[in-house]
Amino acid sequence: MARTLMSGNEAVARGAWEAGVAIGVGYPGTPSTEVLENLVKYDGVRCEWAPNEKVAAEVAGGVSLGGARAIVTMKHVGLNVAADALYSQSYTGVTGGLVYLVADDPGMHSSQNEQDTRNHAVGSRVPVLEPSDSQEALTFVKRAFELSERFDVPVIVRMTTRVSHGKSLVEQGERHDVAVRPYQRDVRKNVMLPGNARLRQRQVNARETELVAYGAAAEENRVEYRDTSLGVITSGIAYQYVREGLPDASTLKLGLTVPLPDDLILEFASKVDRVVVIEELDPYLSLRVKALGIPLVEHGLPRSGELSPRLVAEAFGSGALPVRDEVQGLPPRPPLLCPGCPHRGLFYSLGKIRAVVTGDIGCYTLASLAPLSGMDSCVCMGASIGMAHGVDLAGSVERPIVAVIGDSTFAHSGITGLLHMAYAGSTGTVIILDNRTTAMTGHQGNPVNGVFIDGSAAPELDLEALSRAVGAVSVRIVDPHELDATLAVLREETAAQHLSVIIAKAPCALLIKEAKDPYAIDEELCTKCGACIRLGCPAISRDDTGRAVIDTATCVGCGQCVQVCRFDAVVRVGPSCDFGGGR
Ligand SMILES: Cc1ncc(C[n+]2csc(CCOP(=O)(O)OP(=O)(O)O)c2C)c(N)n1
């Protein structure tokens, strides 16, 4: 059969579809996002973005209870949010197959921390399959559905950035339609009262023993003997690095990494002279191998971040590999808010009131960088609101305290924070940056913007009504491109002694289809004062003389710089140029 080049995430979607999955549900998060974005393109599957990972896991759990197959997708930190569901779903087990697709991000390419999903799997006692390439991504997802139903357990497929985003050849199969199992009420299995949970816990114990026995003979766990002077125990993408960096070494490639096949590991160790474990992120395999009494060769590979074939080769002095896993000679290019981004206007105005700003996660987190330098904290999704209240409780801050949170993040986990502020009688200020999309992860729909995962129209959440219902006394809507008006509202609301929500509403610059004429600097009027530079717009820089210059190819004509220039030096250019300034 013909083979197709696919990313790991495309292959997961294909595998889920071939496995007859009925529902895909998740919350976006790099590097997992494209799984659902690809799955939604297949016939016979319904996909939904949920407001957060816990809801997604519960929806998937309900699908499973209803007898159909479901896949739930998220990034590693999403599993923290979904963990409450997962740990008890492990006890109830499944009816239709239930697969968690969780993508870890070694090296934190786009995450606030590094986490190893295998720790949650050990804690919740659910099995983990770790693909090493796109073909395995497809076959392991299909296997995960089989194991889920056979062992009555949710199964995690753990990806990492390179497996999710790397491309390799995949042999595709046909869809295997799976009949929805008839619904059967089973209170002992599905209602986790303590008495029932204790009974189910026995099943969990028994299941683990069965899974270990399965793993000892499973084709997902593969022994490859080559030169037996060195035996490497490895999994996931690290296997590829070992094959490239140490091509002669024998390998035990573990595909089912929770639970581990102890006997297979002991047997492999007995047949090689020296044993080494090479894995990304936490020393999960190595601690377990050591606990089996197997002495390990220390290699000095980093405990965090990504490995590479070169690092692996160097650690064993096996000769330098060509440096092709790093791009050399490029200047560092930190991420920036786009030209015309509405978040820039909000943070510029916020800078004027010298507030302590508890921040959140989204494109707007980039406003923490100079020159806007507009954020004092960013921890996890939704944290901005509870933290603003907490900073206030500490009593050490005389300045205004403001929480900033994006629309998707507010729907994800901000609403309960606001509810708490109202309940606790807070008089703080929460700013919801409603740019009509989940911009950071690629413009997904969310409950606020009224766009469903397939692009169709969905009900739009009324943020104003919701904020009032939750308990905000004052709710104001501002256009963050209008700097003076925004500043006036910020001043009023942070001075007022009531709980207020300010909705900064203007679409993400990348959603605007109609181009506006760009602006340029009138050289004769520019005084080199630098006011426009302090907006941090990528379209504006200084020339050799220190004068401001606007790159008209990059400028989208948002007009924020016009408002900060006190010398009328910013003028419109382009076909409909009127040189009148203003936006
Ligand atoms: C628990 C968790 N899930 C997912 C993510 C990935 N993520 C970071 S911010 C974000 C949403 C950002 O959207 P929004 O709040 O609307 O801000 P915008 O990027 O549009 O400015 C997502 C999905 C994450 N960091 N943590």
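For the single chain, residues carry numbers from 1 onward in sequence order. Side chains included, hydrogens not; waters and symmetry mates left out as well; all remaining heavy atoms used. Everything quoted here is computed from the prediction, not taken from an experiment.
- For the residue pair Asp282/Asn119, the side-chain donor-acceptor check at 3.5 Å is satisfied.
- A distance of 8.0 Å separates CG of Asp104 from CZ of Arg118, quoted to the nearest 0.5 Å.
- Here the side chains of Glu493 and Val430 are not in contact, with every heavy-atom distance at 4.5 Å or above.
- Side-chain contact of Glu58 with Gln89: a donor-acceptor pair under 3.5 Å is absent, judged by distance alone.
- Remark: side-chain polar atoms of Trp17 are not paired, donor with acceptor, to backbone N or O of Lys41 under 3.5 angstrom.
- A donor-acceptor contact closer than 3.5 angstrom is absent between the side chains of Thr409 and Asp360.
- The minimum heavy-atom distance between Ala504 and Pro480, with the atom names listed, is C-CD, 4.0 Å.
- No donor-acceptor pair closer than 3.5 Å links the side chain of Arg534 to the backbone N or O of Leu372.
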**OP:** Let me see the working for Lys505 and Val478 under side chain to side chain contact (heavy atoms under 4.5 Å, CB included), right down to the final yes or no.
**Re:** CA-CA 6 Å; Lys505 188 170 180 178; Val478 298; over 6 Å; no
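- In this structure, the side chain of Arg175 engages the main chain of Val21 through a donor-acceptor pair within 3.5 Å.
- A pairwise comparison of heavy atoms in Val402 and Ala355 identifies CG2-CB, 4.0 Å as the closest pair.
- No hydrogens or angles considered: a donor-acceptor pair under 3.5 Å links the side chains of Asn80 and Gln115.
- Ser456 and Asp454 share a donor-acceptor pair across their side chains, judged by distance under 3.5 Å alone.
- A donor-acceptor pair under 3.5 Å is absent between the side-chain atoms of Ser148 and the main chain of Val99, judged by distance alone.
- The two residues Val126 and Pro154 make their nearest non-hydrogen contact at CB-O, 3.4 Å.
- Checked by atom type and distance alone, the side chain of Asn38 never pairs as donor or acceptor with a backbone atom of Glu10 at under 3.5 Å.
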Original post:
So Arg14 and Glu18, salt bridge (Lys or Arg N to Asp or Glu O under 4.0 Å) or not? Walk me through it.
Top reply: CA-CA 6 Å; Arg14 177 77 195 188; Glu18 289 182 13; 2.8 Å; yes
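- Between Thr161 and Pro106 the shortest side-chain heavy-atom distance falls below 4.5 Å.
- The CD1 atom of Ile540 sits 5.0 Å away from atom SG of Cys532, with the distance rounded to the nearest 0.5 Å.
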Subject >> Glu460/Arg436 under salt bridge (Lys or Arg N to Asp or Glu O under 4.0 Å): CA gap, chis, key distance, verdict >> reply: CA-CA 10 Å; Glu460 242 180 78; Arg436 317 303 301 145; 2.8 Å; yes
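- A salt bridge is defined here as a Lys NZ or Arg NE, NH1 or NH2 lying under 4.0 Å from an Asp or Glu carboxylate O, and Arg158 with Glu130 meets this definition.
- A distance of 4.0 Å separates NE2 of His498 from OG of Ser474, quoted to the nearest 0.5 Å.
- Panel note: side chain Ser90, backbone Leu86; no donor-acceptor pair is recorded below 3.5 Å.
- Annotation: side chain of Asp434 is in contact with side chain of Val448 (closest heavy-atom distance under 4.5 Å).
- Taking a cutoff of 4.0 Å between a charged side-chain nitrogen and a carboxylate oxygen, Glu464 and Arg468 qualify as a salt bridge.
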Subject >> Criterion side chain to side chain contact (heavy atoms under 4.5 Å, CB included) on Thr30 and His109, from CA distance to verdict >> reply: CA-CA 9 Å; Thr30 312; His109 293 282; over 6 Å; no
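- The backbone N or O of Asp479 lies less than 3.5 Å from no partner atom in the side chain of Glu482, so there is not a single donor-acceptor pair.
- No hydrogens or angles considered: nothing links the side chains of Asn190 and Thr92 as a donor-acceptor pair under 3.5 Å.
- For the side chain to side chain contact (heavy atoms under 4.5 Å, CB included) with Phe410, the qualifying choice from Ile503, Leu433, Ile415, Val501 is Ile415, the only one to do so.
- With salt bridges taken as basic N to acidic carboxylate O contacts below 4.0 Å, none links Glu280 and Arg162.
- For the residue pair Asp407 and Ile432, the shortest heavy atom distance occurs at CA-CG2, 4.2 Å.
- Remark: side-chain polar atoms of Ser349 are paired, donor with acceptor, to backbone N or O of Gly345 under 3.5 angstrom.
- For the atom pair CD1 (Ile237) and OG1 (Thr160), the distance works out to 5.5 Å, reported to the nearest 0.5 Å.
- Rounding to the nearest 0.5 Å gives a distance of 12.5 Å between CG of Leu39 and CZ of Arg46.
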Original post:
Going through the checks in order, is the side chain to side chain contact (heavy atoms under 4.5 Å, CB included) test met by Val12 and Ile71?
Top reply: CA-CA 10 Å; Val12 167; Ile71 187 166; 4.1 Å; yes
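- Donor-acceptor pairing under 3.5 Å is recorded for the side chains of Thr438 and Ser408.
- With contacts defined as side-chain heavy-atom distances shorter than 4.5 Å, the pair Ile405/Ile431 does not qualify.
- Looking at every heavy atom in both residues, Phe347 comes nearest to Gly374 through CE2-O, 3.4 Å.
- Taking a 6.0 Å sphere around CG of Asn113, one finds it holds more than 12 heavy atoms contributed by other residues, nucleotides or ligands.
- Residues Leu101 and Ser32 approach most closely at CD1-CB, 4.4 Å, considering heavy atoms.
- In this structure, Ile156 and Leu79 have side chains that are in contact, with non-hydrogen atoms separated by less than 4.5 Å.
- Annotation: side chain of Ile533 is in contact with side chain of Arg542 (closest heavy-atom distance under 4.5 Å).
- Lys516 and Glu514 are not joined by a salt bridge, as no carboxylate oxygen comes within less than 4.0 angstrom of a charged side-chain nitrogen.
- The aromatic rings of His343 and Tyr364 sit perpendicular to each other, their planes meeting at more than 60°, with 30° as the lower class boundary.
- Side chain of Thr33 to main chain of Pro28: no donor-acceptor pair is present (N/O by atom type, distance under 3.5 Å, no hydrogens or angles).
- Counted by atom type alone, Ser111 and Glu114 present zero donor-acceptor pairs between their side chains at under 3.5 Å.
- No side-chain heavy atom of His120 sits under 4.5 Å from any side-chain heavy atom of His76.
- At least one side-chain heavy atom of Ser413 sits less than 4.5 Å from a side-chain heavy atom of Met381.
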**OP:** Report the C-alpha separation of His412 and Tyr27 in whole Å, then their side-chain angles, then the decisive distance to 0.1 Å, and conclude whether the side chain to side chain contact (heavy atoms under 4.5 Å, CB included) test is met.
**Re:** CA-CA 9 Å; His412 180 280; Tyr27 184 72; 3.5 Å; yes
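- A donor-acceptor contact shorter than 3.5 Å links the side chain of Asn9 to the backbone of Pro31.
- With rounding to the nearest 0.5 angstrom, the OG atom of Ser541 is 9.5 Å from the CD1 atom of Ile550.
- Taking the charged nitrogens against the carboxylate oxygens, Lys75 and Glu53 have no contact shorter than 4.0 Å, which rules out a salt bridge.
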